[in-house]
**Q** 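One structure coming up, written as structure tokens, with questions to follow.
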Amino acid sequence: MAGLFEPIEINGMVLKNRSVRSATWTGMAERDGRCSERLVAFMEELARGDVGLMITGFAYVLPNGQALPGQLGIYDDALIPALSELTKRIHDAGGKICMQIVHAGAQTVLRETPERPVWGPSAVYNEVFRKTPKAMTQADIRETVLAFARAAARVRQAGFDAVQFHGAHGYLVSQFLSPSTNKRTDKYGGPIENRARFLFEIYRAVRKTVGNDFPVLIKLNAKDFVRGGLAAKDALFVAKGLDEMGIDAIEISGGGPSSGDLGPARTKIKKLADEAYFSPLAAKIKKQVRVPVILVGGIRSFKTAESILNSGTADMISMARSFVREPGLIKRWKEGDLKKATCISCNGCFRAAGSPDGLHCVVERRLSEKKDE
Ligand SMILES: Cc1cc2nc3c(=O)[nH]c(=O)nc-3n(C[C@H](O)[C@H](O)[C@H](O)COP(=O)(O)O)c2cc1C
Ligand code: SF4
């Protein structure tokens with residue numbers, strides 16, 4: 001079985017090791033979603049830290065698909081030049097970069113306006129975001145599928161190495177998959193075969209525009225951890241379907257803002273046993289698909305990373321918060337310092353990403369401010 005520092009190829013994309021920087025919103029994009037110099041510099045530091053594949057923060061495919069301020073956009077050709085600068089600089093630094101694309105659906109903090117209606121599969125009130133989306137018409141669904149495809153074409157044009165569409169964490173694709181938010185009675189609602197239709201249409205449309213020779217990935221919930229949400233057996237159906245259709249890798253996550261303590265970015269990761277909390281679910285999916293599986297969620301130590309790979313639970317390991325505190329973590333491990341990541345999983349970085357300074361580790365900053373005193 002492969003170790004962390006063994007290379008892997010995903011549909012022609014050769015990665016120097018099996019680590020992934022999972023998609024992370026930085027709050028550093030311009031108001032219109034354009035990539036900024038600050039964001040490029042932030043990503044360059046990650047590339048220098050030897051991570052195998054870095055995935056950008058989620059980028060919205062339509063103006064009404066934006067979730068948070070300072071989020072990257074990919075809804076217009078005018079956004080391509082700044083992204084081309086990003087990919088060029090990452091490649092110059094020896095890195096590989098994938099863009100994550102999303103529609104937020106009802107999970108948005110932005111105010112609803114007539115030009116920016118809040119969409120969802122059904123008009124089900126979202127208690128966390130305090131929004132009731134408008135149930136999408138067939139035309140809205142067609143427009144969104146097309147928007148994902150056009151966004152993916154821009155991703156390729158901007159020089160990214162791969163595209164990942166967001167099918168996790170309660171965003172629009174997740175909202176269609178979940179019986180708790182999808183109450184439709186047409187061909188997009190009801191049994192999982194119907195609830196997965198929107199996602200499968202997006203996959204097919206994306207594949208058609210980018211071609212067979214460009215890596216297409218998905219981040220998928222293995223379970224929603226909300227009452228009446230996506231069940232593990234239905235997530236397995238989706239993973240198997242995508243595998244048969246030719247997806248190039250599946251990143252397994254779980255939960256979302258409505259899952260309380262059982263969300264994607266859990267706290268209180270202290271012992272080895274607290275790490276990699278989606279492992280059992282990922283292992284089940286991995287057994288039933290041929291495509292590479294990437295596991296995210298609470299991985300903090302080299303030992304856990306290696307055991308996930310050696311046991312065949314997943315083909316790659318993915319981390320987000322560990323890299324916020326230590327962009328050079330993989331390099332550190334590679335150079336022989338195998339101490340676990342210093343991130344204490346406090347989730348202070350969510351708040352930081354929404355601050356004027358953008359994403360940073362609040363613990364690390366407090367420590368360095370103390371040192372300067
Ligand atoms: C500040 C912050 C921003 C995030 N932004 C995204 C995002 O844009 N897309 C996504 O799929 N997940 C996002 N996540 C979730 C992470 O990718 C990851 O799934 C989660 O944090 C668990 O992994 P970890 O324990 O290694 O942090 C974000 C997490 C944090 C802390
Ligand atoms: S603020 Fe720092 S220590 Fe806390 S979760 Fe984020 S990266 Fe980890």
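Each ligand, and each atom within it, is numbered from 1 in the order the structure gives.
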**Q** Looking only at heavy atoms, is any part of T24 under 4.0 Å from ligand 1, and if so is it the side chain, the backbone, or both, or is it neither?
**A**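 Contact part for T24 vs ligand 1: both backbone and side chain.
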**Q** Hey, are R332 and E326 close enough for a salt bridge, meaning a charged N less than 4.0 Å from a carboxylate O?
**A** yes
**Q** Taking heavy atoms and a distance under 4.0 Å, where does R300 meet ligand 1: side chain, backbone, both or neither?
**A**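 Side chain only.
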**Q** Relative to ligand 2, is S322 under 4.0 angstrom through side chain, backbone, both or neither, heavy atoms considered?
**A** neither
**Q** Below 4.0 Å from any atom of ligand 1, is there a heavy atom belonging to R266?
**A**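 No, R266 has no heavy atom closer than 4.0 Å to ligand 1.
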**Q** Counting heavy atoms only, which part of R321 comes closer than 4.0 Å to ligand 1: side chain, backbone, both or neither?
**A** both
**Q** Any luck finding a side-chain donor-acceptor pair between Q71 and Q66 under 3.5 Å?
**A**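 Short answer, no.
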**Q** Specify whether an N/O/S atom of C349 falls short of 2.8 Å from atom 6 (Fe) of ligand 2.
**A**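 True for C349.
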**Q** Below 4.0 Å from ligand 1: does a non-hydrogen atom of G297 turn up there or not?
**A**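 It does; at least one heavy atom falls under 4.0 Å.
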**Q** Does G298 reach ligand 1, in the sense of a heavy atom lying below 4.0 Å from it?
**A** yes
**Q** Between the candidates W25, F323, F278, which shows the shortest non-hydrogen contact distance to atom 5 (N) of ligand 1?
**A**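 Result: the heavy atom closest to atom 5 (N) of ligand 1 is in W25.
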**Q** When you look for heavy atoms under 4.0 Å from ligand 1, do you find them on the side chain of Y277, its backbone, both, or neither?
**A**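 Side chain only.
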**Q** Should S322 be counted as touching ligand 1, given the test is an N or O pair under 3.5 Å?
**A** no
**Q** Decide whether the shortest distance between a heavy atom of Y171 and an atom of ligand 1 is less than 4.0 Å.
**A** no
**Q** Taking distance alone, with no angle check, do N347 and ligand 1 share an N/O pair under 3.5 Å?
**A**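 By distance alone, the answer is no.
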**Q** If you count the non-hydrogen atoms of other residues, nucleotides and ligands that lie under 6.0 Å from CD in E127, is the total more than 12?
**A**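 No, not enclosed.
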**Q** Which is it for V102 and ligand 1 at heavy atoms under 4.0 Å: side chain, backbone, both or neither?
**A** neither
**Q** Determine whether any heavy atom of R321 lies closer than 4.0 Å to an atom of ligand 2.
**A**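 Per 4.0 Å heavy-atom rule, R321 contacts ligand 2.
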**Q** Would you indicate whether the side-chain heavy atoms of L172 and T144 approach each other to under 4.5 Å?
**A**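 In short, these two side chains touch, coming nearer than 4.5 Å.
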**Q** Could you identify the single nearest non-hydrogen protein atom to atom 21 (O) of ligand 1 and state the distance to 0.1 Å?
**A**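 Result for atom 21 (O) of ligand 1: A265 CB, 3.4 Å.
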**Q** Are the side chain of K303 and the backbone N or O of L338 linked by a donor-acceptor pair below 3.5 Å?
**A** no
**Q** Would you please indicate yes or no on a ring centroid separation below 6.0 angstrom for Y171 and F58?
**A**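 Yes, close enough.
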**Q** Of all the non-hydrogen atoms in the protein, which one sits nearest to atom 8 (Fe) of ligand 2, and at what distance?
**A**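 So the nearest neighbour among protein heavy atoms is C343 SG, 2.4 Å.
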**Q** Can a salt bridge be assigned to the pair R266 and D274 using a cut-off of 4.0 Å between side-chain N and carboxylate O?
**A**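 Between D274 and R266 there is no salt bridge, as every charged N stays at least 4.0 Å from the carboxylate O atoms.
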**Q** Could K134 and D140 be called an ion pair, given the rule that one side-chain N must be under 4.0 Å from one carboxylate O?
**A**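 A salt bridge is present here (some side-chain N lies under 4.0 Å from a carboxylate O).
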**Q** Less than 3.5 Å between some nitrogen or oxygen of S318 and one of ligand 1, yes or no?
**A** no
